[in-house]
Asks: 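Structure in structure tokens, see below.
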Amino acid sequence: MKGPLDGVRVVDASMGAVGPWAGALLGQLGADVIKLESPQGDFIRNVMPTQGGLSSTYISMNVSKRGLVLDLKKPDERKEAQALIAGADVFLENFRPGVADRIGLGWEELSSSNPRLIYASASGFGWSGPLVTVGATDPHIQAFTGSTSVNGAPGAPRQRVRWYGHFDVNTSMCIVQGVLTALIERERTGKGRLVRITMVEAAMALQRVRVAEHLAGGHPRPMGSATTYLAPDRLFRALDGFVAVSVTSQHQWQGFCAAIERPELAEDPRFSTNAERVANRDALDALLDPVFASRSIGHWVRTMERNAVPVAKPSSFDDFRHHSHYRENGMLVDVAAPTRGQMTLSGTPWKFARNPGEVRRAPLPGEHSRDIRANGWGGVRPVGAGQ
């Protein structure tokens, strides 16, 4: 199935999660993406758990691509890679600064043979300063950029956001944004562009609300599931578990008070405005905690929804993987694994009326090497979400 980037050629020589997920997103948009690896392979192949012997993380980060293995230490295979990139629109890499130049895949060398090339280079800390050579991981960047300073329970050890590579994935999105912007610019100028993205800057962009609050004299701090600028806005313990409720406007506050059958709180001077509720958070929580504890999650979800108050039951992947809303909207798709069986993955994060793009299965490492080396960009491009 074609997508908005149909005809755009991408060589993705990145490893791990940051660069590969950016390449996968471009592939979902319809670009022809070739995953270029060394014989040793992307280190993320070995991350647990596995699906048929191949890392499920590697699979999910490399959907909608073709797989090519070349040994760039060998001059003839390095020339093959350079020839392939000479016919590409986009090149992605996240080597440590200086490595791409040493192996013949630096910006200056590649752009001299392909002046229209969009060269996207991602790193953890940038290209100058004392931390240039330091490797970066998602939890490392969270700690370095201050995210852990505001996560966790009050007085408890600081926490990082776990489970889903939050900062990695946001950096991937920044890479895609930079590439798309450079492609638009190239339509006007006819020239390529070096695009540089750091995990640190992507992390700061993700935290812009908290950074602005701090710079304005606020005091962001660990508050469990609560937040500094709204009240109530947190998880409440119900009779049979937890429920998440947010009150973001005065209209919702009125609905909230009706839902908990405490209409008098709406006019209580301690809680009549959000500023007052934030200032008197402890007193408000003392009133609300026993109310929520007296009823079930289902009761609170139905009651809050009837009163137009944002509410949700905290769910896990097992809860929502078969949910009709996710399925009917294509938010989850079943894709063939490159090894065996199927995997349920997120759908494309964009929806287009025509040529919407799709999620195709990831390749085995180097799966299309013979075809690509023989036919270049003219090789067979796999199609179909389940193929």
Side-chain angles (χ1 to χ4, degrees), residues 3 5-42 44 58 61-96 99-123 172 175-176 178-180 182-183 186 191-197 360 362-382:
L5 293 185
D6 184 54
V8 173
R9 297 170 172 179
V10 181
V11 175
D12 178 7
S14 60
M15 297 180 290
V18 171
W21 181 236
L25 291 170
L26 293 171
Q28 291 177 47
L29 284 169
D32 185 2
V33 182
I34 293 176
K35 167 81 172 179
L36 173 60
E37 296 181 66
S38 70
Q40 293 75 35
D42 189 335
I44 211 168
Y58 175 94
M61 292 294 166
N62 289 288
V63 294
S64 302
K65 301 178 186 179
R66 294 190 279 165
L68 170 65
V69 167
L70 291 175
D71 188 348
L72 299 179
K73 294 179 181 179
K74 297 179 178 180
D76 57 336
E77 295 192 25
R78 182 165 62 248
K79 288 180 180 178
E80 287 186 58
Q82 291 169 336
L84 191 67
I85 297 166
D89 297 286
V90 179
F91 178 67
L92 304 178
E93 63 90 4
N94 62 351
F95 304 119
R96 292 191 185 187
V99 171
D101 292 317
R102 289 199 299 272
I103 62 175
L105 298 181
W107 158 248
E108 296 294 340
E109 185 167 353
L110 296 182
S111 62
S112 66
S113 60
N114 183 359
R116 290 175 56 82
L117 182 68
I118 308 302
Y119 188 112
S121 179
S123 75
S172 304
I175 294 171
V176 171
V179 166
L180 295 178
L183 285 170
R186 193 181 69 176
K191 297 180 180 179
R193 169 75 74 171
L194 172 62
V195 181
R196 285 179 164 176
I197 305 95
R360 302 187 308 277
L364 289 167
E367 179 177 343
H368 306 97
S369 292
R370 179 178 298 178
D371 183 40
I372 295 170
R373 295 182 74 176
N375 303 299
W377 291 104
V380 176
R381 182 179 172 190

Asks: Hey, could you give me the CG/CG distance between Leu36 and Leu72, rounded to the nearest 0.5 Å?
Replies: 5.5 Å
Asks: Look only at the side chain of Ser38 and the backbone of Gly41, and say whether a donor-acceptor pair between them is shorter than 3.5 Å.
Replies: yes
Asks: If you take all heavy atoms of Ala86 and Ser113, which pair is closest and at what distance?
Replies: CB-OG, 4.5 Å
Asks: Main chain of Leu364, side chain of Glu367: is a donor-acceptor contact present, judged purely on distance under 3.5 Å?
Replies: yes
Asks: Can you pull the salt bridge (charged side-chain N to carboxylate O under 4.0 Å, His left out) pairs that have at least one residue in residues 99-108, sequence neighbours excluded?
Replies: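 Sorted pair list comes back empty.
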Asks: Quick one, Asp76 and Arg78 - any side-chain contact, counting heavy atoms below 4.5 Å?
Replies: no
Asks: I need the Ser369 OG to Glu77 CD distance, nearest 0.5 Å.
Replies: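 The OG atom of Ser369 sits 9.0 Å away from the CD atom of Glu77.
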Asks: How many angstroms lie between CG in Leu5 and CG in Leu183, if you round to the nearest 0.5 Å?
Replies: 7.0 Å
Asks: What distance separates Ile85 CD1 from Ser111 OG, expressed to the nearest 0.5 Å?
Replies: 11.5 Å
Asks: Quick one: does Ser172's side chain have a donor or acceptor within less than 3.5 Å of a partner on Val18's backbone?
Replies: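 Flag set: sc Ser172 to bb Val18 pair under 3.5 Å.
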Asks: Look only at the side chain of Lys79 and the backbone of Lys74, and say whether a donor-acceptor pair between them is shorter than 3.5 Å.
Replies: no
Asks: Taking all non-hydrogen atoms of both residues into account, name the closest pair between Ile175 and Ala22 and its distance.
Replies: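 Of all heavy-atom pairs spanning Ile175 and Ala22, the closest is CG2-CB, 3.7 Å.
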Asks: Please name the pair of heavy atoms, one in Trp107 and one in Arg193, separated by the smallest distance, quoted to 0.1 Å.
Replies: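 That would be CH2-C, 3.7 Å.
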Asks: Taking Gln82 for its side chain and Gly104 for its backbone only, find out whether a donor-acceptor pair lies under 3.5 Å.
Replies: yes
Asks: Rounded to the nearest 0.5 Å, how far does CZ of Arg373 lie from CG of Leu68?
Replies: 7.5 Å
Asks: Donor-acceptor pair, distance only, cut-off 3.5 Å: does the side chain of Arg9 make one with the backbone of Ala88?
Replies: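 No: the side chain of Arg9 does not pair with the backbone of Ala88.
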Asks: Given side chains that start at C-beta, do those of Trp377 and Ile372 come closer than 4.5 Å, heavy atoms only?
Replies: no
Asks: Could you pull out the closest heavy-atom pair between Leu110 and Tyr119, with the gap in Å?
Replies: CD1-CE1, 3.7 Å
Asks: For residues 86-95, which residue pairs qualify under salt bridge (charged side-chain N to carboxylate O under 4.0 Å, His left out), counting only residues two or more places apart or in two chains?
Replies: Asp89-Arg186
Asks: What do the steps show when you test Val63 against Arg360 for side-chain contact (heavy atoms from CB on, under 4.5 Å), and what is the final call?
Replies: CA-CA 6 Å; Val63 294; Arg360 302 187 308 277; over 6 Å; no
Asks: Mind listing the closest non-hydrogen atom pair of Phe91 and Leu105 along with its distance?
Replies: CE2-O, 3.8 Å
Asks: Between Asn94 (side chain) and Met15 (backbone), is there a donor-acceptor pair under 3.5 Å?
Replies: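 Checked: pair present.
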Asks: Let me see the working for Asp32 and Lys65 under salt bridge (charged side-chain N to carboxylate O under 4.0 Å, His left out), right down to the final yes or no.
Replies: CA-CA 7 Å; Asp32 185 2; Lys65 301 178 186 179; over 6 Å; no
Asks: Are the side chains of Leu92 and Leu26 in contact, using a 4.5 Å heavy-atom criterion?
Replies: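 The answer is yes, as the side chains (C-beta and beyond) meet within the 4.5 Å cut-off.
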Asks: Looking at every heavy atom in both Val179 and Ala120, which two are closest together, and how far apart are they?
Replies: CG2-CB, 3.9 Å
Asks: Would the distance check show the side chain of Asn62 and the main-chain N or O of Tyr58 forming a donor-acceptor pair, the cut-off being under 3.5 Å?
Replies: yes
Asks: When you measure from the side chain of His368 to the backbone of Arg66, do you find a donor-acceptor pair of N or O atoms at a distance under 3.5 Å?
Replies: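 Here the side-chain-to-backbone pair does not exist.
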Asks: Distance check, rounded to the nearest 0.5 Å: Asp42 atom CG versus Ser14 atom OG?
Replies: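 Atom-to-atom, Asp42:CG and Ser14:OG are 7.5 Å apart.
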Asks: Look only at the side chain of Ser121 and the backbone of Arg196, and say whether a donor-acceptor pair between them is shorter than 3.5 Å.
Replies: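 Absent.
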